Amino acid sequence: MELYANYCKEMYGRDIVSDEHGFIVYKAYEDKSLYIHAIYVNEDKRQDGHAYKLEKAVIDKENPSSVFCYVDLTTNNPDLSLSVILAAGYKGFNTTSESIMLKKEM
């Protein structure tokens with residue numbers, strides 16, 4: 001995980017919060033917005049709300065005014081990802097033929 005975190009920071013200026021069950025890749029901006037680029041949770045913890053715990057850790061750390069994320073429609077099970085994100089309070093923000101961008105005001 002450390003190599004991947006170093007890669008994300010060096011190449012894109014992104015940070016990672018991780019634990020033994022998963023990680024979240026994000027970038028905080030000076031305007032107090034935050035962009036979540038990826039969340040991964042081990043399969044055995046996905047039903048436990050662990051993605052929400054990771055999201056909360058980042059929000060508590062960065063204190064953003066708004067949070068953006070997206071669902072890549074070309075991945076496996078994009079409907080599942082979208083349903084989890086909508087349940088977390090995000091609203092549709094923009095769409096393309098390959099993705100849905102979402103936003104949550106804090």
Side-chain angles (χ1 to χ4, degrees):
M1 178 54 71
E2 184 178 345
L3 283 176
Y4 183 62
N6 291 345
Y7 167 79
C8 288
K9 189 67 168 178
E10 185 177 324
M11 293 297 293
Y12 305 107
R14 298 174 185 168
D15 293 300
I16 294 180
V17 168
S18 65
D19 62 21
E20 66 274 13
H21 303 297
F23 65 86
I24 184 168
V25 179
Y26 70 95
K27 184 168 183 174
Y29 292 90
E30 289 183 15
D31 67 357
K32 298 297 285 177
S33 65
L34 186 135
Y35 195 99
I36 297 174
H37 292 276
I39 296 179
Y40 178 80
V41 174
N42 290 331
E43 193 171 352
D44 63 328
K45 287 291 186 181
R46 291 180 188 162
Q47 299 304 315
D48 295 349
H50 199 74
Y52 302 124
K53 291 176 188 174
L54 290 169
E55 178 205 33
K56 183 177 179 344
V58 169
I59 288 170
D60 288 349
K61 178 180 177 185
E62 299 294 342
N63 193 30
S65 59
S66 57
V67 182
F68 295 86
C69 66
Y70 72 98
V71 175
D72 182 341
L73 298 173
T74 67
T75 62
N76 296 331
N77 301 317
D79 293 338
L80 178 60
S81 297
L82 181 60
S83 67
V84 170
I85 293 167
L86 290 172
Y90 289 80
K91 306 287 185 208
F93 180 72
N94 194 13
T95 61
T96 70
S97 62
E98 294 183 351
S99 68
I100 300 171
M101 188 174 200
L102 300 109
K103 180 180 182 181
K104 177 164 56 172
E105 296 292 343
M106 304 308 295

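Keep in mind that this is a model prediction, so the values were computed, not measured.
Here the side chain of Asp72 pairs a donor or acceptor atom with the backbone of Thr74 at under 3.5 angstrom. Between the Arg46 side chain and the Val41 main chain, a donor and an acceptor come within less than 3.5 Å of each other.
Residues Pro64 and Ser33 fail the side-chain proximity criterion, which asks for heavy atoms closer than 4.5 Å. Between Leu102 and Leu82 there is a side-chain heavy-atom pair separated by less than 4.5 Å. Lys103 places none of its side-chain heavy atoms less than 4.5 Å from the side chain of Lys91. Within the 4.5 Å cutoff, the side chain of Val25 has heavy atoms near those of the Tyr4 side chain. With a 4.5 Å cut-off on side-chain heavy atoms, Asn63 and Lys32 count as touching. In this structure, the side chains of Met106 and Val67 come closer than 4.5 Å at one or more pairs of heavy atoms. A heavy-atom distance below 4.5 Å is not found between the side chains of Glu2 and Tyr7. Val58 is listed as a side-chain neighbour of Leu34, based on a closest heavy-atom distance under 4.5 Å.
Following chains of ILVMFWY side-chain contacts shorter than 4.5 Å, one can reach Ile36 starting from Leu86, so the two form part of one hydrophobic cluster. Hydrophobic clustering of Ile, Leu, Val, Met, Phe, Trp and Tyr side chains at less than 4.5 Å, counting indirect connections, unites Ile39 with Val17. By the criterion of side-chain heavy atoms lying less than 4.5 angstrom apart, applied directly or through intervening Ile, Leu, Val, Met, Phe, Trp or Tyr residues, Met11 is grouped together with Phe23 in one hydrophobic cluster.
Between the CE atom of Met101 and the SG atom of Cys69 there is a distance of 8.5 Å, given to the nearest 0.5 Å. Separation of atoms CD1 (Ile24) and OG (Ser18) is listed at 11.0 Å; rounding is to 0.5 Å. Rounding to the nearest 0.5 Å gives a distance of 12.0 Å between NZ of Lys27 and CD of Glu62. Put simply, OH on Tyr26 and CD1 on Ile59 are 11.0 Å apart, with the number rounded to the nearest 0.5 Å. Atom CD1 of Ile16 sits about 11.0 Å away from atom NE2 of His37, to the nearest 0.5 Å. Note that OG of Ser97 is 8.5 Å distant from CG of Leu73, once rounded to the nearest 0.5 Å.
Listed by chain and number, the residues in a ring pair (Phe, Tyr, Trp, His ring centres under 6.0 Å) with Tyr29 amount to none (sequence neighbours excluded). Applying the side-chain contact (heavy atoms from CB on, under 4.5 Å) rule to Lys56 yields the partners Asp60; only residues at least two apart in sequence or on another chain are considered.
A salt bridge links Lys104 with Glu55; the closest basic N to acidic carboxylate O contact falls under 4.0 Å. Between Asp15 and Lys9 there is a salt bridge, with a side-chain nitrogen of the basic residue lying less than 4.0 Å from a carboxylate oxygen of the acidic one.
Side-chain contact of His50 with Asp19: a donor-acceptor pair under 3.5 Å is present, judged by distance alone.
Glu105 and Ser65 get closest at one heavy-atom pair: OE1-O, 3.4 Å.
Applying the ring pair (Phe, Tyr, Trp, His ring centres under 6.0 Å) test to pairs two or more places apart or on separate chains, those with a residue in residues 58-105 are Phe68-Phe93.
Counted within 6.0 Å of CG on Asn76, heavy atoms from surrounding residues, nucleotides or ligands total 12 or fewer; the atom is thus considered open.
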